[in-house]
Amino acid sequence: MLTTKASSRIKVYYEVTKPKIWYLLVFTAIGAAFTASNLYHIPISPLTWCLVIGSVIAGSASANTLTNYNDRDIDAIMERTKDRPIPSRRIFPAEKALYFGLILAAISLVSAFAINMWAGIFMAFGLADNILVYSKLLKRRSRTNIVLGGFSGGAPAMIGYVAVTTTGLWDLGLVMAGLVFVWIPMHIWSLTLHVKDDYNKVNVPMLTAVESEKTSVRVIAGTTLMMVLFSVIPFFMTGISGKHLFHEVYLYTAIVSGAIMIALSVWLLVKPSEKASWTLFKFSSPYLAILFIALMIDSTL
Ligand code: HEM
Ligand SMILES: CC(C)=CCC/C(C)=C/CC/C(C)=C/COP(=O)(O)OP(=O)(O)O
């Protein structure tokens with residue numbers, strides 16, 4: 001039986017990994033693997049499932065922990081982040097989180113390379129892009145930080161895909177990873193518009209925190225439209241036999257859910273408000289999950 005102290009220690013190290021975020025990241029890896037396995041009729045062994053899910057949990061948790069460590073100075077100032085484990089000194093000294101994140105990174109790389117070389121390569125890429133390119137290099141310097149830093153978001157889907165197949169075309173894998181990549185700008189810029197004062201306090205040049213509200217809502221509406229247009233691409237993809245890979249189930253889901261996202265972005269465009277930007281942000285994660293659920297269901301038809 002764990003003592004209260006031990007369970008609270010586990011909870012705080014769980015919290016520093018930002019589980020709400022890696023739940024969805026892991027789900028995209030599961031969705032990509034499940035979809036590819038069905039479409040290519042390649043079974044996935046229980047061991048491979050464990051390695052895919054375990055490596056992406058460890059990798060995403062590592063990246064989130066290490067970026068939390070990296071941002072401990074600004075997180076202590078921003079309203080949204082000041083109660084996190086490191087700025088609130090519930091993990092102290094902060095280096096404990098650094099070592100925890102590095103151990104998770106090692107676990108994620110070992111387990112990804114145990115799947116195959118490509119899964120390991122995409123894991124290494126995801127870690128490097130999120131921790132070094134986004135958090136260390138661009139976040140505090142460039143308003144396009146989430147563009148180059150966004151590729152890491154597609155890494156879990158690619159890991160799930162290459163765990164099923166590393167031969168032949170990767171078009172389906174890249175499209176599923178692309179769904180995540182094109183979703184990121186709307187996802188983050190709707191939030192950073194909502195909390196722009198926080199970001200400006202710590203001089204992090206998130207695009208919709210430094211641009212005028214008029215420009216920001218236009219950019220968000222444009223990236224939402226781009227994402228919805230991209231989301232119908234899977235319906236037009238064909239396999240080696242020339243047959244469509246997906247059916248109307250995916251198409252109609254993408255259209256209906258996309259229409260809701262476009263309507264929310266038009267609401268923000270026409271009547272900019274904190275409520276509109278927050279609503280669009282809160283709908284963004286369920287929207288991405290719904291697209292992957294539709295891919296999974298459609299792949300069984
Ligand atoms: C460079 C890329 C990204 C950036 C900068 C970013 C940033 C953020 C930020 C600042 C939050 C709010 C966190 C908080 O206040 O606790 C957030 C929430 C979240 N992010 Fe992202 N994110 C990115 C990519 C992703 C990706 C790729 C996924 C998953 C596929 C994801 C999933 C989530 C989820 C599920 C939440 C919680 C949403 C909610 O509370 O409703 N994010 N993200
Ligand atoms: C396979 C692999 C390792 C993939 C990693 C992908 C990954 C962890 C993506 C998450 C990106 C993300 C939520 C960044 C948070 O930005 P932020 O740190 O600016 O958010 P904050 O302001 O809330 O701290």
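Counting starts at 1 for both ligands and their atoms, following the listed order. Please read all numbers here as calculations on a predicted model, not as lab measurements.
- Partner of N68 under the side chain to side chain contact (heavy atoms under 4.5 Å, CB included) criterion, out of T81, T17, D75: D75 alone.
- At a 4.0 Å heavy-atom cut-off, ligand 2 touches N130 through the side chain alone.
- Among protein heavy atoms, the minimum distance from atom 6 (C) of ligand 2 is reached at S152 O, 3.5 Å.
- Contact annotation: for L288 versus ligand 1, heavy atoms closer than 4.0 Å belong to the side chain alone.
- When non-hydrogen atoms are compared, ligand 2 lies under 4.0 Å from the side chain of N64 (C-beta onward) but not from its backbone.
- At a heavy-atom cutoff of 4.0 Å, ligand 1 is contacted by both the backbone and the side chain of K20.
- Between H187 and W183, the ring planes lie parallel to each other; the angle is under 30°, not in the 30° to 60° tilted range.
- Within the 4.0 Å heavy-atom criterion, neither part of N145 lies near ligand 1.
- The protein atom (non-hydrogen) at minimum distance from atom 9 (C) of ligand 1 is L191 CD2, 3.7 Å.
- The two atoms that bring Y14 and P19 nearest to each other are O-CD, 3.4 Å, heavy atoms only.
- The side chain of Y134, and not its backbone, has at least one atom closer than 4.0 Å to an atom of ligand 2 (non-hydrogen atoms only; side chain from C-beta on).
- Considering backbone and side-chain atoms together, Y199 places no N or O closer than 3.5 Å to any N or O of ligand 1.
- Residue-level proximity to ligand 2 for F151 is absent, since no heavy atom of it falls below 4.0 angstrom.
- Where the criterion is an N or O separation shorter than 3.5 Å, residue side chain and backbone included, N68 fails it with respect to ligand 2.
- Ring geometry for W170 versus F122: interplanar angle of 30 to 60°, hence tilted.
- With a heavy-atom cut-off of 4.0 Å, L25 touches ligand 2 through its side chain alone.
- Checked against a 6.0 Å centroid threshold, the rings of H244 and F235 count as neighbours.
- Under a 4.0 angstrom heavy-atom cut-off, V56 registers as lying outside contact with ligand 2.
- Residue contacts with ligand 2 for R84 involve side-chain atoms from C-beta outward but no N, CA, C or O (heavy atoms, distance under 4.0 Å).
- For N130, no nitrogen or oxygen atom sits less than 3.5 Å from a nitrogen or oxygen atom of ligand 1, counting backbone and side chain alike.
- The proximity of R84 to ligand 1, defined as any non-hydrogen pair under 4.0 Å, is limited to the side chain.
- Selection from F283, Y23, W183 by nearest heavy atom to atom 32 (C) of ligand 1 gives W183.
- Minimum-distance N/O/S atom of H187 relative to atom 21 (Fe) of ligand 1: NE2.
- The aromatic rings of F27 and F292 sit perpendicular, their planes meeting at an angle over 60°, well past the 30° parallel limit.
- Remark: K139 engages D71 in a salt bridge, criterion side-chain N to carboxylate O under 4.0 Å.
- Taking the side chain as every heavy atom from C-beta outward, F34 and S299 approach each other to under 4.5 Å.
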